[in-house]
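Nothing here was measured: the structure is a model prediction, and the numbers come from that model. In what follows, chains carry the letters A, B, and so on, assigned in the order in which the sequence lines appear, proteins first and then strands, with residues in each chain numbered from 1.
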There are 2 protein chains.
Amino acid sequence: MTYSYPHPRPLLTVDAALFGLDEEDLKVLVIKRARPPFENRWALPGGHVDMDESVDEAVRRELREETGLDVAHLEQFHAFGAVHRDPSRRAVTVAYYGLVRLSDFKVKASTDAKEAVWVSMKKLPEWALAFDHQEIATVALERLREKVRRQPIGFHLLPTRFTLSHLQRLYQVILDRDLDKRNFRKKVQSLGVLKALDAVQKGVAHRAARLYAFDARKYREASKRGVDFNI
Amino acid sequence: MTYSYPHPRPLLTVDAALFGLDEEDLKVLVIKRARPPFENRWALPGGHVDMDESVDEAVRRELREETGLDVAHLEQFHAFGAVHRDPSRRAVTVAYYGLVRLSDFKVKASTDAKEAVWVSMKKLPEWALAFDHQEIATVALERLREKVRRQPIGFHLLPTRFTLSHLQRLYQVILDRDLDKRNFRKKVQSLGVLKALDAVQKGVAHRAARLYAFDARKYREASKRGVDFNI
DNA sequence: TCAAAAGTGTTCCGAATACACCCATGA
DNA sequence: TCATGGGTGTATTCGGAACACTTTTGA
């Protein structure tokens with residue numbers, strides 16, 4: 001069965017730069033391609049847009065199929081449409097970035113056959129990603145940087161219970177600069193989207209820090225009246 | 001001649017919300033469709049992406065063909081991919097917004113056969129645009145609002161020589177709120193991207209205002225070190 | 001002389017920044 | 001007892017916001 005059209009059509013795909021944070025760095029998920037073009041090379045997860053699904057649905061389906069992940073925050077940011085970005089055919093891709101809790105992912109990864117690796121954004125060039133995927137990931141990070149200063153979406157990268165130091169480290173890694181501890185705590189607590197828990201860290205070789213959780217209800221309220229997270 | 005593929009492919013199009021400012025309001029350009037679907041209805045300019053051009057090139061070509069315009073600032077902002085956004089076929093569009101100097105356009109419009117109208121953004125619903133074009137125009141304006149606060153791209157909507165009151169009005173119309181005259185002048189002049197000309201308005205029934213021009217060289221310098229136009 | 005818009009400074013307030021020490025805990 | 005990170009407050013600076021009157025010009 002083939003499908004014919006009076007004019008040639010570019011292939012329409014979706015790709016996603018999924019970000020995760022571990023002890024080391026901000027990571028992006030790449031998977032090994034099973035098929036040409038770029039067979040056995042590393043690429044961002046993604047695939048074709050089918051006729052009976054929206055573009056947003058397509059990227060969620062592909063992520064489910066290729067990573068088994070449900071992504072906390074997924075956002076379209078740019079369409080990449082250079083003529084030869086895929087050397088083997090004309091393909092235009094709509095790109096998304098997503099935030100993943102790495103603590104969740106580690107479990108699911110073991111149940112999935114696909115070869116998937118979290119790569120430090122700093123080391124991305126060494127991986128020589130397929131297509132224009134390095135550019136896509138780089139632009140994705142730029143957009144995440146902008147977004148994270150307007151909305152506290154960074155929470156989605158952390159475990160559900162986290163310390164203020166974890167949160168500060170998250171912003172330092174994304175923004176690639178140091179933040180003052182006292183000012184950061186003042187600011188983040190003034191947003192009123194954190195819930196202090198009656199619990200502290202366990203198993204650390206120093207004073208245990210209080211645990212906090214992201215309060216989704218307070219956040220939605222705050223979102224409406226406009227959150228300013230310009231740290 | 002037809003073109004066949006092993007899987008069905010959505011049609012890929014581009015559309016542009018071109019903004020212009022006149023004495024009355026912020027306007028968006030709509031053109032009357034010559035062909036189905038939505039024949040004789042109003043729609044944003046746009047069309048198919050050809051195989052031998054990038055998506056960015058496609059939108060510029062379509063604008064040239066349909067409006068004869070060269071657009072000062074043109075920026076991709078979102079891909080719209082709902083399944084039934086085009087009721088007659090599966091089509092995904094990459095949307096752009098652009099800024100046009102209406103003073104220039106008026107000349108060119110007369111040399112062009114196409115039926116094109118500048119519609120006030122406030123009256124857009126009355127025009128019942130084809131497809132999801134009203135949504136596209138609305139989102140475009142939201143993005144323009146955000147952008148105009150980070151980069152002084154608004155200049156592209158004004159004649160090359162303008163008064164500070166013109167500029168203030170521009171921002172008031174885009175942001176849909178009043179601005180304080182003294183604060184606005186302080187702020188915009190502190191950006192250092194304006195060049196005061198040795199000329200004043202002519203033919204006004206009140207004190208003539210000084211004319212200014214946008215200084216592209218100073219702007220590029222300012223852009224590099226990061227412009228903050230948070231008025 | 002009147003109407004209409006041009007042009008111009010100061011005060012106040014809130015937010016961002018800079019900055020250093022003691023505390024609790026487990027090893 | 002020591003190493004490690006947790007936790008806390010104040011003073012200063014800067015930018016944003018509020019605010020009203022005089023000047024110039026053509027009709």
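The shortest side-chain heavy-atom distance between A:Lys123 and A:Asp25 does not fall under the 4.5 Å cut-off. Taking the side chain as every heavy atom from C-beta outward, A:Leu124 and A:Leu129 approach each other to under 4.5 Å.
Note: CG (A:Leu194) to P (D:dG7) measures 13 Å, nearest angstrom. In this structure, CG of A:Leu179 is placed 11 Å from P of C:dA18, rounded to the nearest angstrom. Put simply, CD on A:Gln201 is 12 Å from C1' on C:dG26, counting in whole angstrom units. Between A:Leu164 atom CG and D:dG6 atom P the separation is 9 Å, expressed in whole Å. Computed from coordinates, the A:Lys202 NZ to D:dG6 C1' distance equals 16 Å when rounded to whole Å. Between the CZ atom of A:Phe229 and the C1' atom of C:dA16 there is a distance of 14 Å, rounded to whole Å. Going from atom CG of B:Leu167 over to atom P of C:dA5 covers 18 Å, rounded to whole Å. With rounding to whole Å, A:Arg185 atom CZ is found 18 Å from C:dT17 atom C1'.
Within the 3.5 Å criterion, the main-chain N or O of B:Trp42 finds no donor-acceptor partner in the side chain of B:Arg33.
For the pair A:Ser165 and D:dG6, the criterion of a side-chain N or O lying under 4.0 Å from OP1 or OP2 is met.
Taking NE2 from B:His73 and CD from B:Gln151, the interatomic distance works out to 7.0 Å, rounded to the nearest 0.5 Å.
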Seminar exercise, completed: Quick tally for nucleotides 15-24 of chain D: nucleotides whose base has a protein heavy atom under 4.0 Å get B, sugar-phosphate-only ones S, the rest -, giving -SBBBB--BB

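Ion pairing between B:Arg61 and B:Glu57 fails under the 4.0 Å rule for side-chain N and carboxylate O. Using a 4.0 Å cut-off between charged nitrogen and carboxylate oxygen, B:Lys186 and B:Asp180 do not count as a salt-bridge pair.
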